[in-house]
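First comes the structure, then the notes that go with it.
First listed ligand is number 1; within each ligand, the first listed atom is number 1.
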Amino acid sequence: MSLYSEKVMDHFKHPRNVGVIENADGIGEVGNAKCGDIMKIYLKIEGDIIADVKFETFGCGSAIASSSMATELIKGKPLKDALTLTNKAVAEALDGLPAYKMHCSVLAEEAIRAAILDYYKKNNLPYDPELFKERDHEHEHEGSGDGE
Ligand code: FES
C-alpha cells in the first residue's frame, strides 16, 4: 500500500509517547470540527526545555502518526523550537502525508502551541501573542471525504 509512507504506518501502529502526564505544566486540546478528531498534548517543562510530552488522540491514523512524530520532534527541545514547529515539518518527518490528510498534522502543531500557551498563562509568564495567532494552513479546511 503506497498511500501512506512506512513511517506513517510505523507511528500509527507503534505510537510514541501515548498517555497522560499527571500534573502537566501545560495541556493543549484541539479538534477539527469537520472530521471530529480530537488531540490532547501534555507537557512537562523544566526551565526552558520540554522535559516530557505525552498525547492522547481520538482520531484517524494520520492524526495518531502526526501526534506521535510531533512529540518525538519536541521532546528534550527548547520551548521556542516547539513553538515554531509547523505541520509541514511534522508531515515531512513522516515522509509525507496525502494532501487531504495534511489537516491531521495541523492538529499536532496546534495542540502543541495550545499546551505551551496554557503553560504561559498558568504561570503568568509574558509571551508574544503573535506566536499564537491562527496560521494559514494549506488543505486545513479540506474535508477528509467521509462524513460530509
Ligand atoms: Fe481529521 Fe485525520 S485529523 S481525518
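Comment: Glu110 does not engage Arg113 in a salt bridge, judged by the lack of any side-chain N to carboxylate O separation of less than 4.0 angstrom.
The angle Cys60:SG - atom 2 (Fe) of ligand 1 - Cys104:SG amounts to 100°, with values rounded to 10 degrees.
A donor and an acceptor atom, one from each side chain of His137 and Glu109, are located under 3.5 Å apart. Side-chain contact annotation: Asn87 with Ser105, donor-acceptor N/O pair under 3.5 Å present.
With a 4.0 Å heavy-atom cut-off, ligand 1 is reached by no atom of Asn32. Using a 4.0 Å cut-off between heavy atoms, Lys101 contacts ligand 1 through its side chain alone, with no backbone atom that close.
Listed by number with element, the atoms of ligand 1 under 4.0 Å from a non-hydrogen atom of Ala63 are 3 (S). If you number the atoms of ligand 1 from 1 as listed, the ones under 4.0 Å from a heavy atom of Asp37 come out as 1 (Fe), 2 (Fe), 3 (S), 4 (S). For ligand 1 and Leu107, the ligand atoms under 4.0 Å from any heavy atom of the residue are 3 (S).
For residue Cys35, no N/O/S atom approaches atom 2 (Fe) of ligand 1 to within less than 2.8 Å. Among the atoms of His103, no N, O or S atom falls under 2.8 Å of atom 2 (Fe) of ligand 1.
Within the 4.5 Å cutoff, no side-chain heavy atoms of Lys44 are placed close to those of Glu22.
A salt bridge (Lys or Arg N to Asp or Glu O under 4.0 Å) with Asp52 is found for exactly one of Lys75, Lys77, Arg16, namely Lys75.
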Original post:
Can Leu79 and Asp48 be said to form a side chain to side chain contact (heavy atoms under 4.5 Å, CB included), step by step?
Top reply: CA-CA 6 Å; Leu79 278 178; Asp48 198 27; 3.6 Å; yes
